[in-house]
Amino acid sequence: MKANDKDTESLKASRPKTSAAGVPGVRHAIQYSLTQAGPLRTTLTLLNLNQTDGIDCPGCAWPDPAHRHRNEYCENGAKHVNDEATTRRVTRDFFAEHSVAELDSRSDLWLNQQGRLTEPMVKRPGATHYEPIGWDDALGLVAEHLRRLASPDEAMFYTSGRLSNEAAFLLQLFARSYGTNNLPDCSNMCHESSGSGLGETLGIGKGSVSLDDIHNADLVLVVGQNPGTNHPRMLSALEETKRNGGRVVAVNPLPEAGLIRFKNPQKPRGIVGKGTVIADQFLRIRPGGDLALFQMLNRLLLEAEDAAPGAVLDHDFIDAHTTGYHAFATHTRGVTWEHVLAATGLDRAEIEALHQQVLASRSIIVCWAMGLTQHRHGVPTIREIVSFLLLRGNIGRPGAGVCPVRGHSNVQGDRTMGIWERMPDAFLDLLGAEFGFDPPRAHGYDSVDGVRAMRDGRAKVFVGVAGNFVRAMSDSAVTEAALRSCALTVQISTKLNRSHTVCGETALILPTLGRSDRDVQEAGEQFVTVEDSMSEVHQSRGRLEPASPDLLSEVAIIGRLARLTLGEDNGVPWEDFERDYGLVRDRIARVVPGFETFNARVAAPGGFRLPNPVNDLVFPTPSGKAVFVPNALDWLEAPPGHLILQSLRSHDQWNTVPYAMDDRYRGIHGARRIVMVNPDDLADFGIDDGALVDLVSIWTDGSERRADGFRVVGYPAARGSAASYYPETNVLVPLDSVAEISNTPTSKGVIVRLEPRWDG
Ligand SMILES: Nc1nc2c(c(=O)[nH]1)N[C@H]1C(S)=C(S)[C@@H](COP(=O)(O)OP(=O)(O)OC[C@H]3O[C@@H](n4cnc5c(=O)[nH]c(N)nc54)[C@H](O)[C@@H]3O)O[C@H]1N2
Ligand SMILES: Nc1nc2c(c(=O)[nH]1)N[C@H]1C(S)=C(S)[C@@H](COP(=O)(O)OP(=O)(O)OC[C@H]3O[C@@H](n4cnc5c(=O)[nH]c(N)nc54)[C@H](O)[C@@H]3O)O[C@H]1N2
Ligand code: SF4
Ligand SMILES: [Mo]
């Protein structure tokens, strides 16, 4: 049992908060920052955070406004950057003191709190400890393993969205030059369903709106997203929407604090007053009910049009720019209230009230995140949302469009740079022509297929950059065994995490510069670039003294590894790229559409916005038009005595990394092994608030998975649902439980029962 399995004793649960941020938010951010980075580095990071010549926030992908405040960051952004800027260090003495087995018994929180990694370390076959190794030997060891593999497809290269554009471009170039498309990334577990659903219907897997659009929309639907914690500055944008007379509707199984009331810490009113009420309507939906909700909204639009022909739908738009309308309309008219009410757990009156808001709104935006994408039917749900917008011409118009809100700060950019196991041929053609090689064409492994391949012995070398794969992936026991079966695991990381303790026969930890670290190469001080959730590309420049003199940048590590693996004469000037990142950008400019004259344009303060053809009503689909897709209605049903469990983030964590044991807005303090359940469901089950239970998930093949020792917290969640934190609950998600088409683990739709413990 790991240490985080024993933390329920100190739980203090109080009433959930109804407002977010304001003074307490700022105080919490500064407190955490000071415990990590001390006053000097805290001041430096915060003064530079999200400024045009400063550090791009390593937190989420929410964009920066054109006119920036001196304090253009949120509580959590401050925590994320100072978690990286920490003055704590993990040295060779630390690894001599703690065996790998001992480190593996520590909690995720404890591992992260040890501080920044400082020099390359190796765990040799059979060894109990990591020991120091020089950079040349470390990279030579990886190259030797890679060259020995029977096929390049026995290796895989995982990344998270922390990687810069420059490093991401070089990583995919290296993987493809070496001969594989095995480039799984965190997107596979995150917004892949958005990419699949948008790609099929609009022809491009990205959001179409800008911050201005959000500010000027008549109606913004925030669906399956908790911005108060995960994209805090989005609340400032929604506040602006409201000021301009727009409305906001939240659709969520939980009444999330920031959506109900928001205190803007940048405005005196936000600090002293009661704050803005953000959501005009809140629909407490059952997890997985959103497809049904949007199908009914679409049916109601069709019926409203029948009643007042020409007054509701945008027929000019539908005729000129879409295909599939008639089949879609016929299908949608068959959707029944009975099914929709069962699927959503909502009242008919609530849905009709939302329909009235829709009718009253000329321009509509739908924003969403993991509450939609991490479901079996995530892709159909996104397609249904697109149809909802197409019906009234809410695409390619100011104040209207699709807004998948991305997670990691550069997750969208990494995909643009070619981090994808299925990049289209057009990209591979340009890449091959630029560097004089023939990139492999067969699709590679995504995250789920990657685990299957390691489990089955088809993949033997795992290289991870900037993430924590073993904790991020579903079916923890299977994923752990898969990684342990590898001949070599390599982690290019800033901080210690579980992927260093659950490792292959040989394991390497390669420490690297973070966003906040100054990056000086032969040609001088370097900056990198990132692309946010709204396709704005801009610079990020590290400002702090690096955590250790022995760190290499990601660009340097990837380039040196490529030279050692592929040989010096492989035709790519890796050494020049390491010397001057501008040379990497020159190549990106020639390979990636939209990046023409990259260096010149990214030099401008604030950078530039990539074009989204959809906004010019150009749809890069096979038909050249946006596509209405009729979706079979699907929703989640739990057998009697069971609940639909969603695994989500607390306010005090960055993905797999808890910063503290609290979830302030939800009124939970001192524990993470908790499960939030509606008191009426608890009464039905005869389980007391505060009881100790095991969570047991069931799967279609009859198998069960168990997570021990969770404290029950009565919570105003939708009936029939439960919520608990990730990564602790990943053990419950079967590897084969994935979204159709996107192959994303169904982290928000796990069927579980609560088994009371005798020792509770
Ligand atoms: N502080 C902080 N910020 C982060 C992160 C972090 O870990 N910490 N992670 C970053 C990353 S990588 C990502 S992807 C984003 C994630 O951002 P979010 O998607 O906001 O993150 P989650 O905590 O997974 O929350 C999912 C939300 O969807 C709701 N939900 C769950 N199931 C359903 C459903 O079926 N229907 C509806 N309508 N709602 C549902 C949940 O109640 C919750 O409010 O945040 C990014 N920002
Ligand atoms: N059950 C469940 N599972 C989920 C989710 C869920 O909601 N529920 N969410 C999924 C989602 S949306 C995502 S995005 C994934 C996240 O999965 P990952 O992206 O793999 O995980 P992170 O926790 O973001 O990775 C943290 C590690 O990144 C390293 N790191 C941080 N900054 C840098 C840097 O600048 N450079 C380098 N090289 N390393 C750095 C640090 O060592 C740190 O320990 O998890 C997924 N898994
Ligand atoms: S909203 Fe996201 S990008 Fe902006 S400061 Fe907060 S964490 Fe950073
Ligand atoms: Mo994510």
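Whatever order the structure lists ligands and atoms in, that order sets their numbers, starting from 1. All values below come from the heavy atoms of this structure, side chains included, with hydrogens, waters and symmetry mates left out.
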Donor-acceptor contact present, side-chain [X] to main-chain [Y], <3.5 Å:
{"X": "Arg673", "Y": "Asp708", "value": "yes"}
{"X": "Ser747", "Y": "Gln374", "value": "no"}
{"X": "His500", "Y": "Leu103", "value": "no"}
{"X": "Ser724", "Y": "Val675", "value": "no"}
{"X": "Thr656", "Y": "Pro727", "value": "no"}

Side chains of [X] and [Y], donor plus acceptor under 3.5 Å:
{"X": "Thr159", "Y": "Asp185", "value": "no"}
{"X": "His215", "Y": "Thr241", "value": "no"}
{"X": "Gln114", "Y": "Arg88", "value": "no"}
{"X": "Tyr725", "Y": "Gln653", "value": "no"}

For [atom], which of the options [options] provides the nearest non-hydrogen atom?
{"atom": "atom 7 (O) of ligand 2", "options": "Lys748, Gln646, Met370", "value": "Lys748"}
{"atom": "atom 43 (C) of ligand 2", "options": "Val470, Asn497, Thr373, Ile557", "value": "Asn497"}
{"atom": "atom 18 (P) of ligand 2", "options": "Tyr725, Phe469, Tyr158", "value": "Tyr158"}
{"atom": "atom 38 (N) of ligand 2", "options": "Glu554, Glu728, His191", "value": "Glu554"}

Handout entry: Phe462 ring center within less than 6.0 Å of Phe469 ring center
Key = yes
Practice task
Assert yes or no for the condition that the ring centre distance of Trp62 to His408 is strictly below 6.0 Å.
Solution key: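 Centroid distance Trp62-His408: not below 6.0 Å, so no.
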Handout entry: Nitrogen or oxygen atoms of Asn468 and ligand 2 under 3.5 Å apart
Key = yes
Practice task
Looking only at distances, please establish whether an N/O atom of ligand 2 is found under 3.5 Å from an N/O atom of Ala472.
Solution key: yes
Mark the output for [X] as yes if a heavy-atom distance to ligand 2 is under 4.0 Å, and as no if none is.
{"X": "Leu648", "result": "no"}
{"X": "Ile492", "result": "yes"}
{"X": "Met473", "result": "no"}
{"X": "Thr512", "result": "yes"}

What is the nearest protein non-hydrogen atom to [atom], stated with its residue, atom name and distance?
{"atom": "atom 6 (Fe) of ligand 3", "result": "Cys74 SG, 2.3 Å"}
{"atom": "atom 23 (O) of ligand 2", "result": "Thr656 OG1, 2.5 Å"}
{"atom": "atom 32 (N) of ligand 2", "result": "Arg162 NH1, 2.7 Å"}
{"atom": "atom 1 (S) of ligand 3", "result": "Arg233 N, 3.4 Å"}
{"atom": "atom 16 (C) of ligand 2", "result": "Tyr726 OH, 3.4 Å"}
{"atom": "atom 8 (N) of ligand 2", "result": "Ser647 OG, 3.1 Å"}
{"atom": "atom 24 (O) of ligand 2", "result": "His408 CE1, 2.9 Å"}

Problem - Cys57 N/O/S atom closer than 2.8 Å to atom 8 (Fe) of ligand 3 - result: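 Looking at Cys57, which is the residue asked about, there is an N, O or S atom under 2.8 Å from atom 8 (Fe) of ligand 3.
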Practice task
Please confirm if an N, O or S atom belonging to Cys60, backbone or side chain, lies less than 2.8 Å from atom 2 (Fe) of ligand 3.
Solution key: yes
Exercise for the section: Starting at CD of Glu531, measure out to CG of Asn410 and round the result to the nearest 0.5 Å. Expected result: 7.0 Å
Problem - Salt-bridge contact Arg452-Asp736 (side-chain N to carboxylate O under 4.0 Å) - result: yes
Exercise for the section: Would you mind checking if Lys495 and Asp83 are paired as a salt bridge, meaning a charged N to carboxylate O distance below 4.0 Å? Expected result: yes
For ligand 2, which atoms, with element, lie under 4.0 Å from some heavy atom of [X]?
{"X": "Cys186", "answer": "14 (S), 19 (O)"}
{"X": "Gln374", "answer": "5 (C), 6 (C), 7 (O), 9 (N), 10 (C), 12 (S)"}
{"X": "Ser160", "answer": "19 (O)"}
{"X": "Ala466", "answer": "28 (O), 29 (C), 36 (N), 37 (C), 38 (N), 39 (N), 40 (C)"}
{"X": "Trp654", "answer": "23 (O), 24 (O)"}

Handout entry: Passing option when Asp652 is tested against Arg672, Arg664, Arg666, Lys79 for salt bridge (charged side-chain N to carboxylate O under 4.0 Å, His left out)
Key =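 One option only clears the test, and that one is Lys79.
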Exercise for the section: Please verify whether a non-hydrogen atom of Asp56 lies at under 4.0 Å from ligand 3. Expected result: no
Handout entry: Part of Asn50 within contact of ligand 3 (heavy atoms, under 4.0 Å)
Key =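 The answer is the side chain.
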